[in-house]
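Here is the structure we will look at, set down as structure tokens.
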Number of protein chains: 2
Amino acid sequence: MPHLKHDRIPRATISRLAIYVQELEGMEQQGVKVVSSEKLANACGVNPSQIRKDLAYFGEFGVRGVGYYVFELKEAIKQSLGLDKTWNVVLVGVGNLGRALLRHGVLRKRGFIIVGAFDCDPFKIGEEIAGLEVICSSKLPAKTNELYVEIGIITTPPERAQRAANYLLEAGIKGIVNFAPARINAPSNVSVEYVDFIHNLFSVAFNITQNQAKGLI
Amino acid sequence: MPHLKHDRIPRATISRLAIYVQELEGMEQQGVKVVSSEKLANACGVNPSQIRKDLAYFGEFGVRGVGYYVFELKEAIKQSLGLDKTWNVVLVGVGNLGRALLRHGVLRKRGFIIVGAFDCDPFKIGEEIAGLEVICSSKLPAKTNELYVEIGIITTPPERAQRAANYLLEAGIKGIVNFAPARINAPSNVSVEYVDFIHNLFSVAFNITQNQAKGLI
DNA sequence: GTGGCATAGTGAAATTTTTAACAATATCTT
DNA sequence: AAGATATTGTTAAAAATTTCACTATGCCAC
Ligand SMILES: NC(=O)c1ccc[n+]([C@@H]2O[C@H](COP(=O)([O-])OP(=O)(O)OC[C@H]3O[C@@H](n4cnc5c(N)ncnc54)[C@H](O)[C@@H]3O)[C@@H](O)[C@H]2O)c1
Ligand SMILES: NC(=O)c1ccc[n+]([C@@H]2O[C@H](COP(=O)([O-])OP(=O)(O)OC[C@H]3O[C@@H](n4cnc5c(N)ncnc54)[C@H](O)[C@@H]3O)[C@@H](O)[C@H]2O)c1
């Protein structure tokens, strides 16, 4: 755990750090060894000062007059975000989306290992997806105690999201990523993130309407 | 198109309006007719002033001393966001995620109709998914001119995202929702939104690490 | 080694966003 | 119909975030 120079870090900063990691990985693949805040900023579509400020929350990673060493910066950010370890994850709700997530390699690649998949549908229990047997969700608390699980992903229908969350909370989970479009209640020491791309579609629709009104289109 | 009292509206406001709509729909289903900014705020996990301020960008929808009529407010917000019409959408990249989106009803329910699905993989072309035939992506510009399409969804691998975007731009699309973890270049009058839930996982991982450091867990 | 150059780190300013406070006003009660 | 009450719309203050401007410093050429 790196020492933080400030105690509260803006949410937006965390989100941008994720983008920086992405771009740095791309640069690494292309053989780029060193990058300036300006170059990285262009790639990420942000302001160079923003990058320097974001990094300053965690420490000093650059070399004045030179820039940042791509590999080292990437590693430093990952460590700052707590991504220098792997995280065990369970998934609740093996439907369309749940399956896509289970099959998709990106989670594992990023250090999030799905170690359990749960559903309440008897037809799905016992089925094997991506090498993982679907287990009855009522067994979730017991099962997750066996494994060392810290994060839960909810991909049930929205009206079942709270129930799924309750299972996860009972299992002592410390963070939840909820894909169902419903607020869930959880103690304040449990981190809850909501994922809903409909918001992005709304945003695009709104922007198009705006642009049309302004005569830009 | 409602007249805007201010010209620039915070992105965060748009995102929250989407949440308000969600909660209002829930209330509507439960037969709630009237809601105050305080009640709605609780449901959405925001500050009541925030709601009133967000709404003020678009007009006056409430009744002093009473609150907001659930149905009317919902409709007013949807109209403000440009959701009082349906939007034709095409999807590029019919893989795991693309399929999940095609099969998922929520898009249609929200007024976003997928009218075309494109892929470059010969094995996928011709396949039918959710009543839609997968078409060769090189035919995208020609096909989308036939239909009246304004929004494109990209679900290709990241290294193909720009190519997919180019097809869409050539087809005269006005907004893009990109699920691939890669920045894309587009003219400034084309609205581009990025969807990447890995950021949310990063965020949860970071918060857990933080909470542990603070001794909250 | 010294000087010039490039670029990180940083404190201050500007901007944006959120929150609080309150004045305005519909409805309800009597 | 007047007054009490509740809650909006709005203005002002506070907080947070972003951007700017400048200082510090490591590297490279000579
Ligand atoms: N499919 C998508 O592309 C997509 C995109 C964004 C959001 N979502 C959201 O993700 C959620 C899932 O979508 P989907 O398309 O996969 O739906 P789905 O109906 O295919 O899958 C839901 C699964 O959850 C299971 N389930 C229900 N209650 C449960 C419980 N209490 N415990 C455990 N499992 C339970 C069901 O048996 C089912 O397998 C929904 O809330 C949806 O709005 C889906
Ligand atoms: N599966 C998920 O849960 C998930 C979640 C988040 C993000 N993503 C991202 O979404 C994208 C797709 O993920 P996936 O799991 O569906 O991958 P996938 O490999 O299953 O699907 C990609 C599809 O895109 C097609 N394609 C490639 N180049 C194309 C082109 N130029 N034009 C048209 N089609 C093209 C491929 O033929 C393939 O069918 C990736 O960028 C991934 O990182 C996926």
Side-chain angles (χ1 to χ4, degrees), chain A residues 2-20 23-24 27 32-74 76-77 80 199 203, chain B residues 2-20 24 27 32-74 76-77 80 199 203 206:
Chain A
H3 76 293
L4 299 180
K5 297 175 72 179
H6 310 66
D7 34 30
R8 220 194 61 79
I9 290 158
R11 279 188 54 84
T13 290
I14 304 303
S15 192
R16 281 191 299 270
L17 288 172
I19 297 174
Y20 304 160
E23 289 298 328
L24 288 168
M27 289 175 180
V32 179
K33 294 275 182 269
V34 181
V35 70
S36 66
S37 58
E38 194 179 343
K39 292 244 179 64
L40 183 57
N42 284 343
C44 299
V46 303
N47 182 298
S49 298
Q50 183 93 82
I51 291 189
R52 300 201 294 272
K53 182 71 88 176
D54 284 341
L55 296 176
Y57 286 114
F58 296 95
E60 303 188 6
F61 306 118
V63 182
R64 294 176 193 213
V66 178
Y68 301 91
Y69 292 102
V70 172
F71 176 79
E72 288 181 12
L73 180 58
K74 186 200 69 178
I77 297 178
S80 301
H199 295 195
S203 206
Chain B
H3 77 294
L4 300 180
K5 296 177 72 179
H6 310 66
D7 33 30
R8 219 193 60 78
I9 289 158
R11 280 186 55 83
T13 291
I14 304 303
S15 192
R16 280 191 299 269
L17 288 171
I19 297 175
Y20 305 160
L24 289 168
M27 290 174 179
V32 179
K33 293 273 181 273
V34 181
V35 69
S36 67
S37 58
E38 194 179 343
K39 292 244 179 63
L40 183 57
N42 284 342
C44 299
V46 303
N47 184 299
S49 296
Q50 183 93 80
I51 291 189
R52 300 201 295 274
K53 178 54 80 77
D54 284 341
L55 297 177
Y57 285 114
F58 297 95
E60 305 188 4
F61 307 117
V63 183
R64 295 177 195 215
V66 178
Y68 301 90
Y69 292 103
V70 172
F71 176 80
E72 288 182 12
L73 180 57
K74 186 201 69 177
I77 297 177
S80 301
H199 295 194
S203 204
F206 175 69

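No hydrogens, no waters, no symmetry mates; every other heavy atom, side chains included, goes into these values.
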Between the base of C:dA8 and the side chain of A:Ser37, is there a donor-acceptor distance below 3.5 Å?
no
Given the structure, check if the side chain of A:Arg64 and the base of C:dG9 hold any donor-acceptor pair shorter than 3.5 Å.
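In this structure, the two groups form no donor-acceptor pair.
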DNA chain D: B:Gly67 or A:Val63, which has the more 5' nearest nucleotide?
B:Gly67
To the side chain of A:Ser49, which of D:dG9, D:dA16, D:dA21 is closest?
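Side chain of A:Ser49 sits closest to D:dA21.
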Report the nucleotide, chosen from D:dG26, C:dC22, D:dA16, that has the shortest atom-to-atom distance to any side-chain atom of B:Arg52.
C:dC22
Should [X] be listed as having a side-chain N or O under 4.0 Å from OP1 or OP2 of [N]?
| X | N | value |
| --- | --- | --- |
| A:Arg11 | C:dT18 | no |
| B:Tyr57 | D:dG9 | no |
| A:Arg16 | D:dT18 | yes |
| A:Gln50 | D:dT17 | no |

For the pair made of [atom1] in [X] and [atom2] in [N], what is the distance, rounded to whole Å?
| X | N | atom1 | atom2 | value |
| --- | --- | --- | --- | --- |
| A:Glu38 | D:dT19 | CD | C1' | 14 Å |
| A:Leu55 | D:dT18 | CG | C1' | 15 Å |
| B:Leu73 | D:dG9 | CG | C1' | 14 Å |
| B:Glu60 | C:dA23 | CD | C1' | 14 Å |
| A:Leu17 | D:dT17 | CG | P | 13 Å |
| B:Phe61 | C:dA26 | CZ | P | 17 Å |
| A:Ile51 | D:dT18 | CD1 | P | 12 Å |
| B:Asn47 | D:dT8 | CG | C1' | 14 Å |

Just verifying a value: how many Å separate [X] [atom1] and [Y] [atom2], rounded to the nearest 0.5 Å?
| X | Y | atom1 | atom2 | value |
| --- | --- | --- | --- | --- |
| A:Glu23 | A:Lys74 | CD | NZ | 13.5 Å |
| A:Ile9 | A:Tyr57 | CD1 | OH | 7.5 Å |
| A:Thr13 | A:Lys53 | OG1 | NZ | 10.0 Å |
| B:Leu55 | B:Phe58 | CG | CZ | 8.5 Å |

Looking only at heavy atoms, what is the nearest atom pair of A:Ala43 and A:Met27, with distance?
CB-CE, 4.0 Å
If we check side-chain contact (heavy atoms from CB on, under 4.5 Å) with B:Val70, which of these qualifies: B:Val34, B:Leu40, B:Val32?
B:Val32
Picking from B:Ile51, B:Val35, B:Leu73, what satisfies side-chain contact (heavy atoms from CB on, under 4.5 Å) with B:Tyr20?
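It is B:Ile51, the one option of B:Ile51, B:Val35, B:Leu73 that forms the side-chain contact (heavy atoms from CB on, under 4.5 Å) with B:Tyr20.
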By the 4.0 Å heavy-atom rule, please label B:Ser36 as base, sugar-phosphate, or nothing.
sugar-phosphate
So A:Gly65, base contact, sugar-phosphate only, or nothing? Heavy-atom distance under 4.0 Å.
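Here A:Gly65 touches the bases of the nucleic acid.
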Axis deviation across the helix from C:dG1-D:dC30 to C:dT30-D:dA1, five-pair ends, to the nearest 10°:
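So the angle between the two local helix axes works out to 10°.
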Can you check whether B:His199's main-chain N or O pairs, donor with acceptor, with B:Ser203's side chain at less than 3.5 Å?
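Flag not set: sc B:Ser203 to bb B:His199 has no pair under 3.5 Å.
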